[in-house]
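Remarks on the structure that follows.
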Amino acid sequence: GMSLTRLLDNSDGYVTGQSPQVLETVGAFPCAIITLYDRRRQIGVLGHFSNPSESQYFLEMINWVRANLKPGRLEVTLTGVSLMPQKDFSHDNEAVLGATNQLRRRKRQQLVSYFLGIGVKRAKIAEQFAPDNMGTDVKFDTGSGKVEVEHYDIDELLKSYTPPSQLTQ
């Protein structure tokens with residue numbers, strides 16, 4: 001039979017599934033993780049994007065949704081990693097960090113507007129972004145529609161992080 005769990009293991013793409021499948025992804029860097037659910041047909045879509053507005057896969061996902069599902073019926077969860085960890089390894093500059101995070105918040109508002117624009121009802125859009133410095137683990141059960149969002153500490157994760165360049169030495 002079909003595999004019960006479909007893992008989306010990159011931060012620019014989407015998977016679709018149908019009951020009894022469970023769709024899962026993990027976000028450790030700033031990203032939007034989106035679930036879309038048609039309860040009547042028990043069909044789910046899980047998308048994971050570091051930058052939805054510039055992603056061809058985000059557009060592909062939206063096109064798939066419009067072709068196959070009725071946006072007015074969808075239940076949407078927007079989650080993911082909200083902000084850069086303070087100990088981000090690319091820049092330690094607080095001002096840069098502040099500006100980046102402000103931009104990220106604006107992008108989240110754009111995302112809500114985007115789904116409203118294709119016909120999703122506002123009351124059916126839930127937001128569960130991780131607090132600062134927290135990663136996100138999402139398990140989405142297409143049978144029940146339940147979206148489990150677990151947040152974990154990125155700084156703990158980064159302590160054990162080995163940059164790829166050091167793995168080859």
Side-chain angles (χ1 to χ4, degrees), residues 1-39 41-71 73-85 88-90 100-101 103-120 124-130 134-152 154 157-158 161-164 167:
M2 68 181 165
S3 156
L4 214 54
T5 300
R6 292 200 67 184
L7 184 66
L8 177 57
D9 59 2
N10 79 36
S11 61
D12 200 24
Y14 71 99
V15 289
T16 62
Q18 197 159 10
S19 178
Q21 287 182 310
V22 175
L23 311 179
E24 188 174 352
T25 194
V26 175
F29 295 96
C31 63
I33 297 172
I34 300 162
T35 67
L36 304 151
Y37 187 58
D38 182 329
R39 188 169 294 279
R41 293 170 60 200
Q42 295 187 307
I43 293 174
V45 183
L46 172 68
H48 186 169
F49 308 97
S50 46
N51 199 342
S53 61
E54 288 165 22
S55 165
Q56 71 177 80
Y57 298 106
F58 178 73
L59 284 176
E60 279 176 24
M61 178 184 83
I62 295 299
N63 289 337
W64 188 91
V65 165
R66 295 175 94 161
N68 295 283
L69 303 172
K70 291 193 170 76
R73 277 214 309 246
L74 295 180
E75 297 165 34
V76 177
T77 305
L78 304 176
T79 180
V81 177
S82 51
L83 306 177
M84 286 283 188
D88 175 40
F89 25 95
S90 55
T100 307
N101 289 335
L103 180 70
R104 196 153 287 119
R105 274 189 282 272
R106 209 162 47 241
K107 285 187 169 165
R108 275 165 34 187
Q109 287 153 359
Q110 281 173 351
L111 213 47
V112 171
S113 309
Y114 195 93
F115 285 109
L116 294 176
I118 67 163
V120 176
K124 295 210 170 172
I125 300 176
E127 292 182 72
Q128 291 191 50
F129 281 86
M134 299 295 273
T136 304
D137 182 12
V138 177
K139 287 186 183 69
F140 174 24
D141 183 329
T142 61
S144 63
K146 186 166 187 270
V147 179
E148 266 179 73
V149 178
E150 242 177 89
H151 298 307
Y152 58 86
I154 293 180
L157 201 72
L158 293 186
Y161 174 83
T162 311
L167 292 174

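Start at 1 with the first residue, then count along the sequence.
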*Any idea which heavy atoms bring Y14 and G47 closest together, and the distance?*
CB-CA, 3.8 Å

_Could you work out, with salt bridge (Lys or Arg N to Asp or Glu O under 4.0 Å) as the rule, every residue matching D38, not counting sequence neighbours?_
R73

*Answer whether the closest heavy-atom distance between the side chains of T35 and V138 falls below 4.5 Å.*
yes

*asked:* Quick check for you: to the nearest 0.5 Å, what is the distance between E150 atom CD and T79 atom OG1?
replied: 11.5 Å

*Is any side-chain heavy atom of F115 closer than 4.5 Å to a side-chain heavy atom of L74?*
no

*Between F140 and Y37, is the gap from one ring center to the other below 6.0 Å?*
yes

*Rounded to the nearest 0.5 Å, how far apart are OG of S53 and NZ of K107?*
5.0 Å

*Euclidean distance, I33 CD1 relative to E24 CD, rounded to 0.5 Å*: 10.5 Å

_I want to check something: taking the side chain as every heavy atom from C-beta on, are V45 and V15 in contact at a cut-off of under 4.5 Å?_
no

*In Å and rounded to the nearest 0.5 Å, what is the CG to CZ distance from L69 to R41?*
5.5 Å

*Just how far is it from atom CD1 of I34 to atom OG1 of T25, taken to the nearest 0.5 Å?*
11.5 Å

*Closest approach of A32 and P52, non-hydrogen atoms and distance?*
CB-CG, 3.9 Å

*Report yes if some heavy atom in the side chain of H48 is under 4.5 Å from a heavy atom in the side chain of C31; otherwise report no.*
yes

_Side-chain touch T142/L23, heavy atoms, less than 4.5 angstrom_ = yes

*Mark yes or no for whether R39, through its side chain, and S144, through its backbone, hold a donor-acceptor pair below 3.5 Å.*
yes

_V147 side chain near K139 side chain, heavy-atom distance below 4.5 Å_ = no

*Pair E60, N63: side-chain N/O donor-acceptor within cut-off below 3.5 Å*: no

*Taking C-beta and beyond as the side chain, do D12 and Q56 meet within less than 4.5 Å on heavy atoms?*
no

_Any L46 side-chain heavy atom under 4.5 Å of R6 side chain_ = no

